[in-house]
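Scroll down for the structure; my scribbles are underneath it.
Hydrogens, waters and symmetry mates are skipped; everything else that's a heavy atom, side chains included, is used. Throughout, a chain's letter reflects where its sequence line sits, starting with A, and its residues are numbered from 1.
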Amino acid sequence: MTKTDLINSIYKNLGLSKKESAVIIDELFEIIKETLEGGEKVKISGFGNFVVRQKEPRKGRNPQTGDELEIDARRVVTFKPSHVLKRALNE
Amino acid sequence: MMNKSDLIEVLAKKMNLTQKKSESVINHVFNEMTDTLKKNDKIEIRGFGSFTVKHYKPYTGRNPKTGDTIQVKEKRLPFFKVGRELKKRVDGDADR
């Protein structure tokens, strides 16, 4: 499933034009991205939570050369599925 | 923190939709995504990320607190891989 499939599904089921559906889907994901960019988490009940986590710097290795290198501190997005979603996948 | 109601409100405002319409869009999107994962299909939202389902075979594990052996049933779990654009934006455009 891609964004196009979501747009088509909205268009077919919710009485919006194809163009409107496309703009709305883009905006929806843009809002989520902006929120995460601001370091805030996004909780979608029944689906899951998108959380921004701060990772500390650590030592790693270049897997090709074996050289040791410093991995910088960084911020990453993680997804924690809700119990509802986990249950749905195991029914 | 932003929850689903906040998301409904923000989307409604930005797109000039009624709360009700915005709510049905958001519910529809996440229901479709759930159905897709239920069918073991992959979801790919460019710039945002992708979702896949991983299968785990049943295995014998231990309760880490008591040390008792337990049978862990076969299970399926969703996984999210963050897209390149979102990854960069969250990390403050760091070049890596």
Side-chain angles (χ1 to χ4, degrees), chain A residues 1-10 12-16 20-21 23-55 71-82 84-91, chain B residues 1-8 10-11 13-17 21-22 24-51 53-55 73-83 85-94 96:
Chain A
M1 166 186 259
T2 62
K3 208 161 68 177
T4 312
D5 298 319
L6 275 180
I7 292 166
N8 285 334
S9 176
I10 292 290
K12 277 183 199 146
N13 292 287
L14 298 181
L16 293 158
E20 275 177 304
S21 305
V23 176
I24 289 169
I25 291 294
D26 275 337
E27 188 57 41
L28 170 60
F29 287 103
E30 182 54 33
I31 294 166
I32 300 175
K33 285 190 275 189
E34 267 171 22
T35 307
L36 294 169
E37 196 177 350
E40 250 186 279
K41 67 167 135 176
V42 178
K43 291 173 85 162
I44 311 292
S45 62
F47 190 75
N49 302 341
F50 296 92
V51 187
V52 178
R53 292 177 55 189
Q54 177 72 42
K55 299 278 215 172
I71 298 172
D72 295 342
R74 61 205 206 284
R75 292 205 304 170
V76 296
V77 178
T78 56
F79 173 68
K80 190 169 183 290
S82 82
V84 180
L85 177 58
K86 285 204 261 183
R87 220 175 296 135
L89 295 187
N90 290 287
E91 261 162 15
Chain B
M1 186 264 286
M2 176 182 264
N3 62 25
K4 201 162 84 174
S5 322
D6 301 325
L7 191 55
I8 290 166
V10 177
L11 184 70
K13 268 195 197 133
K14 287 210 173 173
M15 293 282 92
N16 223 347
L17 298 169
K21 197 77 183 178
S22 177
S24 28
V25 167
I26 288 170
N27 283 336
H28 191 83
V29 165
F30 289 103
N31 286 341
E32 285 285 301
M33 286 168 69
T34 302
D35 286 347
T36 303
L37 294 175
K38 273 173 97 166
K39 285 185 270 179
N40 279 325
D41 283 344
K42 190 178 171 173
I43 304 169
E44 242 183 286
I45 311 290
R46 189 167 294 188
F48 183 71
S50 57
F51 297 85
V53 178
K54 283 193 187 172
H55 295 246
K73 279 189 225 152
E74 170 184 17
K75 63 184 167 191
R76 304 197 300 149
L77 284 177
F79 268 86
F80 175 66
K81 185 170 184 280
V82 63
E85 184 207 330
L86 177 57
K87 191 176 176 176
K88 279 195 173 170
R89 283 173 62 174
V90 165
D91 201 20
D93 276 327
R96 50 180 154 252

Separation between CG of A/L89 and OG1 of B/T34, rounded to the nearest 0.5 Å
8.0 Å

Side chain, backbone, both or neither: which part of B/M1 has an atom under 4.5 Å from a heavy atom of chain A?
both

What part of B/S24 is in contact with chain A, defined as an atom under 4.5 angstrom from a non-hydrogen atom: side chain, backbone, both or neither?
both

Taking atom CG of B/L11 and atom CZ of A/F29, what is their separation to the nearest 0.5 Å?
11.0 Å

Need one label for B/K75: side chain, backbone, both or neither, based on atoms under 4.5 Å from any heavy atom in chain A.
both

Report which part of A/L85 has an atom under 4.5 Å of a heavy atom belonging to chain B: side chain, backbone, both, or neither.
side chain

Chain B contact via A/E20 - which portion, at a heavy-atom distance below 4.5 Å:
neither

Please round to the nearest 0.5 Å and tell me the distance separating atom CZ of B/R89 and atom CD of A/E37.
4.0 Å

Less than 4.0 angstrom from a charged side-chain N to a carboxylate O is my criterion; do A/K33 and B/E85 meet it?
yes

Does a side-chain heavy-atom distance below 4.5 Å link A/M1 with B/E32?
yes

Based on non-hydrogen pairs under 4.5 Å, which of B/L37, B/N31, B/D41 is most in contact with chain A?
B/L37

Aromatic rings B/F48 and A/F50: how do their planes relate, parallel, tilted or perpendicular, breaks at 30° and 60°?
perpendicular

Residue A/V23 versus chain B: region with a heavy atom under 4.5 Å
both

For B/K21 and A/L14, indicate whether the former's side chain and the latter's backbone hold a donor-acceptor pair under 3.5 Å.
yes

Do A/E91 and B/K38 have side-chain heavy atoms sitting under 4.5 Å apart?
yes

Side chain from CB out, backbone as N, CA, C, O: work out which of these in A/V52 comes under 4.5 Å of a heavy atom of chain B, or both, or neither.
side chain

Flag side-chain contact, heavy atom, 4.5 Å: B/F80 against A/T78:
no

Of the backbone (N, CA, C, O) and the side chain (C-beta and beyond), which part of B/V82 lies under 4.5 Å from a heavy atom of chain A, both, or neither?
side chain

Most contact-rich option vs chain B, by heavy-atom pairs under 4.5 angstrom, among A/K86, A/K3, A/K41, is A/K41

A/T35 versus chain B, heavy atoms under 4.5 Å apart: side chain, backbone, both or neither?
side chain

Among A/I31, A/I25, A/V42, which residue forms the greatest number of heavy-atom pairs with chain B at distances under 4.5 Å?
A/I31

Could you tell me which portion of A/L6 (side chain, backbone, both or neither) has an atom closer than 4.5 angstrom to a non-hydrogen atom of chain B?
side chain

Nearest-0.5 Å distance, CG of residue A/L16 to NE2 of residue B/H28:
10.5 Å

Would you mind reporting whether B/V90 and A/V76 have side-chain heavy atoms less than 4.5 Å apart?
no

Which residue out of A/V84, A/I24, A/T2 racks up the most heavy-atom pairs below 4.5 Å with chain B?
A/I24

Straight-line distance of A/D5 CG to B/M33 CE, nearest 0.5 Å:
12.0 Å

Given side chains that start at C-beta, do those of A/I32 and B/L86 come closer than 4.5 Å, heavy atoms only?
no

B/V29 and A/I10, any side-chain heavy atoms less than 4.5 Å apart:
yes

Out of curiosity, B/F30 CZ to A/S82 OG, how far, rounded to the nearest 0.5 Å?
11.0 Å

Relative to chain A, which of B/K39, B/K14, B/K73 shows the most heavy atom pairs under 4.5 Å?
B/K14

Kindly indicate, with the supporting measurements, whether the criterion side-chain contact (heavy atoms from CB on, under 4.5 Å) is fulfilled by A/F79 and B/F51.
CA-CA 10 Å; A/F79 173 68; B/F51 297 85; 4.0 Å; yes

Donor-acceptor contact below 3.5 Å, side chain B/R76 vs main chain A/N90:
no

Report the option among B/V25, B/L77, B/V53 that has the most heavy-atom pairs separated by less than 4.5 Å from atoms of chain A.
B/V25

